[in-house]
Amino acid sequence: MRNSSDECDRLAKQLTTAVRQALTQAGVVSEPVLVAVSGGPDSTALLRVLLEILGSRAVHAAHFNHQLRGAESDGDEAFVRELCQQWNVALTVERRNIGQLLQTRGGNLEALARRERYAWLAELANHLRIHWVATGHTANDQAETVLFRLLRGSGLRGLRGIAPQRRLADEVQLVRPLLRVTRQAVNAYLQVHGIQARSDSSNFDLSRLRNRIRWQLLPLLEREYNASVVVHLAALAEHVQEHYAWLERQAWQLLQQIELPRFGEQVVLDAHQLRQAEPFLLRQALRLLWERENWPTGNMTARHWQRLCNFLRGESPSVSGRPLQPASRMELPAGVRVERHLHTWRLFRRSSA
């Protein structure tokens, strides 16, 4: 349903103001920005508003053709090329057959497409000497992500949702200026400026949980429970992000307290300091350790982190109320091993030990 003219004008101005504020908060003032443009409504609106704020000389568009939807994918590319020519915007296009890559690499299609796209954006930004990459994620995307992760049993970490800003490469930052903007405001902005955008047919595939959340669950929550549920879920993610940032700082401090000098490739932890650590904070410190060491976390479930925390703190399991002899070794997913050596614990991946 189309909004009234006055309402469209109000929402369009709201979008422009929100993007200006997001750019200022991120530290993007007069620097050039590389904009990921798929041709959909969100990225098309983002490109247009960045041109309005920064000017065409400070904006470079980037389109990644995944070649997953045949003629439709090529149509998206042609649309973006024509749009950038019309708006006098520099454009770089990349074509990669993600379907073929999946056959050789395996894994999840969406995850592979996302990795390839962001890796290319980082490479292109470095090549162009641009320090900022902008994507068109909206408050609706944020709300959908929070619900998606909640339904899959995510903890506090997952409820952070989509980060408003993160490092993409050493000198490249990813920023999402529309993250506080609803899809309704995006559509209103396009309507005010008379802009047509492309529609991705894969977004209507209801076999995917995220699409069912978008087209079924969120509309139900808006209609029957709270019309502002998208805004509230997006605000929840923002609050969790703030709390989690504080928690990470505390976890880094704990990691510095419990860690001793390395033994070759092995991480060494002080057993006495571990026993005194608060379990919840210790689990966060261990996650940071895994990330720092580039140890895979995909198969590390909440149960794994809990067992590891109990193990390092010397909390032995029991049978019929009688404690078992404390173990001195633990095997974890991806070949990570934990071993007791006198008053220390050593952690390493067997492939690198």
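Note that the structure is predicted; figures quoted are calculated from it, not measured.
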Short question: side chain of [X], backbone of [Y] - any donor-acceptor pair under 3.5 Å?
{"X": "Arg208", "Y": "Asp205", "value": "no"}
{"X": "His66", "Y": "Arg96", "value": "no"}
{"X": "Thr297", "Y": "Met300", "value": "no"}

Looking only at non-hydrogen atoms, find the nearest pair between [X] and [Y] and report the distance.
{"X": "Leu46", "Y": "Pro177", "answer": "CD1-CG, 4.0 Å"}
{"X": "Val186", "Y": "Ala45", "answer": "CG1-CB, 3.9 Å"}
{"X": "Ala197", "Y": "Phe79", "answer": "CA-CZ, 3.9 Å"}
{"X": "Arg10", "Y": "Glu7", "answer": "NH2-OE2, 2.8 Å"}
{"X": "Asp141", "Y": "Arg214", "answer": "OD1-NH2, 3.4 Å"}

(request) Report the residues that fulfil side chain to side chain donor-acceptor pair (under 3.5 Å) with Asp170, sequence neighbours left out, ordered by chain and then residue number. (result) Arg167
(request) Not counting sequence neighbours, which residues clear side chain to side chain donor-acceptor pair (under 3.5 Å) with Asn65? List them please. (result) Asp74, Glu77
Is the number of heavy atoms from other residues, nucleotides or ligands within 6.0 Å of [atom1] ([X]) greater than 12?
{"X": "Glu278", "atom1": "CD", "result": "yes"}
{"X": "Asn108", "atom1": "CG", "result": "yes"}
{"X": "His341", "atom1": "NE2", "result": "yes"}
{"X": "Gln196", "atom1": "CD", "result": "no"}
{"X": "Glu331", "atom1": "CD", "result": "yes"}

Pair [X] + [Y]: basic N to acidic O under 4.0 Å:
{"X": "Glu116", "Y": "Arg114", "result": "no"}
{"X": "Glu265", "Y": "Arg349", "result": "no"}
{"X": "Glu339", "Y": "Arg346", "result": "no"}
{"X": "Glu31", "Y": "Arg129", "result": "no"}

Donor-acceptor list for residues 221-235 side chains, cut-off 3.5 Å, not counting sequence neighbours:
| unit_1 | atom_1 | unit_2 | atom_2 | d |
| --- | --- | --- | --- | --- |
| Asn226 | OD1 | Ser228 | N | 2.8 |

Look up atom [atom1] in [X] and atom [atom2] in [Y], then write down how far apart they are to the nearest 0.5 Å.
{"X": "Leu11", "Y": "Leu190", "atom1": "CG", "atom2": "CG", "result": "12.0 Å"}
{"X": "Leu23", "Y": "Ser30", "atom1": "CG", "atom2": "OG", "result": "11.5 Å"}
{"X": "Ser38", "Y": "Arg198", "atom1": "OG", "atom2": "CZ", "result": "10.5 Å"}
{"X": "Arg340", "Y": "Arg329", "atom1": "CZ", "atom2": "CZ", "result": "14.0 Å"}
{"X": "Arg283", "Y": "Asn310", "atom1": "CZ", "atom2": "CG", "result": "8.0 Å"}
{"X": "Gln14", "Y": "Thr182", "atom1": "CD", "atom2": "OG1", "result": "6.5 Å"}

(message) Test: salt bridge (charged side-chain N to carboxylate O under 4.0 Å, His left out). Region: residues 245-260. Which pairs qualify, not counting sequence neighbours?
(response) Glu259-Arg292
(request) If a pair satisfies salt bridge (charged side-chain N to carboxylate O under 4.0 Å, His left out) and one of its residues is in residues 172-181, list it, with sequence neighbours excluded. (result) Arg180-Glu238
(message) Let's go through Glu72 and Ser201 carefully: what are the C-alpha distance in whole Å and the side-chain angles of both, what is the deciding distance for side-chain hydrogen bond (donor to acceptor under 3.5 Å, both in side chains) to 0.1 Å, and is it a yes or a no?
(response) CA-CA 8 Å; Glu72 187 178 324; Ser201 62; 2.8 Å; yes
(request) Would you tell me whether Ser202 and Asp200 have side-chain atoms, one donor and one acceptor, within less than 3.5 Å of each other? (result) yes
(message) Side chains of Arg210 and Thr145 only: does a donor on one sit below 3.5 Å from an acceptor on the other?
(response) yes
(request) Please list, chain by chain and in numerical order, all residues satisfying ring-ring contact (aromatic ring centres under 6.0 Å, His included) with Trp305, sequence neighbours excluded. (result) Trp290
(message) Is the shortest side-chain heavy-atom distance between Thr17 and Arg20 below 4.5 Å?
(response) no
Which other residues belong to the hydrophobic cluster containing [X], where Ile, Leu, Val, Met, Phe, Trp and Tyr are joined when side-chain heavy atoms lie under 4.5 Å apart, directly or via other members?
{"X": "Leu179", "result": "Ile162"}
{"X": "Ile130", "result": "Leu34, Phe64, Leu68, Ile98, Leu101, Leu102, Leu109, Leu112, Tyr118, Trp120, Leu121, Leu124, Leu128, Val133, Leu168, Val172, Leu174"}
{"X": "Leu260", "result": "Phe263, Val268"}
{"X": "Trp215", "result": "Phe204, Leu206"}

Distance-only donor-acceptor hits, side chain of residues 147-154, under 3.5 Å, sequence neighbours excluded:
| unit_1 | atom_1 | unit_2 | atom_2 | d |
| --- | --- | --- | --- | --- |
| Arg149 | NH1 | Gly158 | O | 3.0 |
| Arg149 | NH1 | Gly161 | O | 3.2 |
| Ser154 | OG | Gly158 | N | 3.3 |

Just distance, no hydrogens or angles: give the donor-acceptor pairs under 3.5 Å from side chains in residues 47-57, sequence neighbours left out.
| unit_1 | atom_1 | unit_2 | atom_2 | d |
| --- | --- | --- | --- | --- |
| Arg48 | NH2 | His193 | ND1 | 3.3 |
| Glu52 | OE1 | Tyr189 | OH | 2.9 |

